Amino acid sequence: MKYIIRGLLLGLVFSLPAVAQVQVLDKVAVIVDQGVVLESEVQSLVSEVKADAEAKGQQLPSDLALRTQAIERLILKNLQLQRAGMMGIRISDPQLDQTIANIAANQGVTVAQLREELARQGMAYDDYRESVREEMIMGEVRRANVRRRIYITPQEISTLVEIMAQQGGDQAEYELGHILIGLPAAATDEDVADARERADKVIDLLNNGSEFSRIAIAASSGSEALDGGNMGWMNINAMPTLFADAVQGKRKNALIGPIRSGAGFHILKILDTRGIEVVEVEEVNARHILIQPSIILSEERAQKMLKEFKEKVLAGDADFAELAKEHSADPGSALRGGELGWADPNMYVPEFKDALARLAPGEYSDPVRSAHGWHLIQLLDRRVDDATEQRKEDRAYQLLYNRKFAEESENWLREMRDTAYIEVLSE
C-alpha cells in the first residue's frame, strides 16, 4: 500500500509518457506549518493581479516584488485555513449556496446570470464556489480569534457619540416657528399668571389643530409675528441658548413650550429640519426553533423535522413554545418557548432577516437554513420605534469595533505567522 500511495503522489507531480522526457506539472512553492502552497497557486494569483491591474490601467512593481507579495498572501491564507481546520470550522453546501445567492442578489442578477458572467471571465463555477467557501471560512476564523481581543468601554462610546454630535451640530439646522406671549417691563405676579394662562390656551389651540402661522399673527408679541412666527433657518449653535437647549433632540413638527424668559413665554414649533439624522427602525418580535445538523442528524432530516413541526402547529396538534423548549438548539430562547423579544431585524443573519421580511404577524416560515442551522420562524408582531439615540451609540460602537478589529486582525495574523514554520522552496 505504501508504494501505491507514493506512486499516486508522484503521478500528481510528473507525467511519464512513453518517451524518457519528464514533464513537471506542479511543485511545492512554500511549506507552511502542516500545509503547502503550490507553484500553480502563486502563478494563478500573480496572473489575477496582473489582469486586474491591466483592466484598471494601474502600474505594477517588478515581477519579483509581485511574486513576493503573492506568496505572503497565500501563506496567511494557508495559515488561516489550517487554524479553521483545527477549530472544526466548516461551511456546508447549503450555507455556501445561500451566500452565493445573496452575492448575486446584491449585484442585481440571478445565480444563473452570475454563472454566465464567470464563464465569460474564464472562471469555472466550481472554482468560484470554493473561493467563496474559503473566504467564508477565513472570515469565521478571524472573527472567532480576534473578537475576544477587543474590549470597548462605555466611556469610549459616549466620548465618540459626543464628538459625532459636535461634528453633526455644525450642519444641523432648524426652521423654527415662534410665538411670544409678552410681559410688561415691570411685570407683576398677576401679569405673569395672565400671560401664562394665555400661553397655555395657545398651546391647547395648536394641539387641537389650529394653524401655527395664523395664531402667531393673531397673538404673538415677537418681531416675526407678521411672518407667521417664522424665524427662518437657524443653526443650533447660532440660536439663543434658551431655544437651542429646548429644541435639542426634538423632531420635525414638535411643539415646545411655554418657555419662560424675561420677555415672556415662548412657544416654539419645529417646522422643518435639515442636516439632522432621525432614525426610525422597524422592530420585530419573533420566535424560532433551531435544529442543528450533525454527523447523526443530516441536513435533510433536520429540514424535515421542522416541516413536520410546522404542520403539527398549524393543525393544532402541537404547541410551538413546547416544541421549542424540547427541541430548539438555541439555549438563549428555548427556555422562553423560542421567543427572541423585540429587536432590530438587522441584528439577525441575512437568511433569518429575509425570512422575517416576508412574514406577516402570526405567520410561520418554511424551514430556513442559516450559518447556525435550520430555523422554523414565527413573526409575532412588528412596531416602529425611534432609535435615533440608540443608533448613534450603535454607530459609535461599530466604528470603534471596526477600527479595533482591523488593528487586532493585523496583530493576530502577524503573531500567527511569526510562530509558524515557513520555508520558501521556489523563487
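Predicted, not measured: the structure shown is a model, and the values here were computed from it. Note that the numbering runs from 1 along the sequence shown for the chain.
For residues 322-333, the salt bridge (charged side-chain N to carboxylate O under 4.0 Å, His left out) pairs, not counting sequence neighbours, are Glu322-Lys325.
The side-chain contact (heavy atoms from CB on, under 4.5 Å) test with Lys310 is passed by exactly one of Ile289, Leu323, Asp366: Asp366. Here the options are Thr68, Val32, Val37, Val30, the test is side-chain contact (heavy atoms from CB on, under 4.5 Å), and the partner is Val424; only Val30 passes. The side chain to side chain donor-acceptor pair (under 3.5 Å) test with Arg369 is passed by exactly one of Glu299, His375, Gln98: Glu299.
The main-chain N or O of Ala321 is found under 3.5 Å from a side-chain atom of Asp319 such that the two form a donor-acceptor pair. Under a 3.5 Å cut-off, the side chain of Asp33 and the backbone N or O of Ala420 do not form any donor-acceptor pair. Side-chain atoms of Asn145 come within 3.5 Å of backbone N or O of Val141 as a donor-acceptor pair. No donor-acceptor pair closer than 3.5 Å links the side chain of Glu283 to the backbone N or O of Arg382. No donor-acceptor pair closer than 3.5 Å links the side chain of Arg214 to the backbone N or O of Ser210. Side chain of Lys307 to backbone of Gln303: no donor-acceptor contact under 3.5 angstrom is found. Using a distance-only test at 3.5 Å, with no hydrogens or angles considered, no donor-acceptor pair links the side chain of Ser220 to the main chain of Ile217.
Summarising the geometry of Ser365 relative to Leu376, their closest heavy-atom pair is O-CD1, 3.1 Å, with the distance given to 0.1 Å. Across Ile270 and Val247, no two heavy atoms sit closer than the pair CD1-CB, 4.1 Å. Closest of all the heavy-atom pairs between Ser261 and Leu242 is CB-CD2, 3.8 Å. Across all non-hydrogen atoms, the minimal contact from Asn78 to Gly35 is OD1-CA, 4.0 Å. Contact detail for Ser370 and Gln95: the closest heavy-atom pair is O-CG, 3.9 Å. The shortest non-hydrogen separation linking Ala195 to Leu183 is CB-CD2, 3.5 Å.
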Under 3.5 Å, sequence neighbours excluded: what are the donor-acceptor pairs made by side chains of residues 118-126?
residue, atom, partner, partner atom, Å
Arg120, NE, Glu117, OE1, 3.2
Arg120, NH2, Glu117, OE1, 2.7
Gln121, NE2, Glu117, OE2, 3.0

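In this structure, a donor-acceptor pair under 3.5 Å is absent between the side chains of Thr188 and Glu190. Residues Asn346 and Lys353 have side chains that bring a donor and an acceptor to within less than 3.5 angstrom of each other. Donor-acceptor pairing under 3.5 Å is lacking for the side chains of Ser44 and Glu41. A donor-acceptor pair shorter than 3.5 Å cannot be found between the side chains of Tyr128 and Glu130. Gln292 and His372 share no donor-acceptor pair across their side chains, judged by distance under 3.5 Å alone. Glu415 and Asn411 share no side-chain donor-acceptor pair at under 3.5 Å.
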Pair Glu408-Arg147, salt bridge (Lys or Arg N to Asp or Glu O under 4.0 Å): steps then yes or no: CA-CA 8 Å; Glu408 290 299 329; Arg147 64 188 172 197; over 6 Å; no
field: CA sep, side-chain torsions, deciding dist, call: Tyr364, Phe320, ring-ring contact (aromatic ring centres under 6.0 Å, His included)
entry: CA-CA 10 Å; Tyr364 298 91; Phe320 190 101; 5.8 Å; yes
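Note on ring orientation: taking the six-membered ring where Trp is involved, the planes of His266 and His178 are parallel (angle under 30°, cut-offs 30° and 60°).
Lys252 has no carboxylate O lying under 4.0 Å from a charged side-chain N of Glu175, or vice versa, which leaves the two without a salt bridge. Here Arg196 pairs with Asp200 in a salt bridge; the nearest charged N to carboxylate O distance falls below 4.0 Å. Electrostatic pairing of Asp194 and Arg198 counts as a salt bridge here, judged by a charged N lying under 4.0 Å from a carboxylate O.
Both the sub-6.0 Å distance and the 45° axial angle are satisfied by Arg274 relative to the ring of Trp233.
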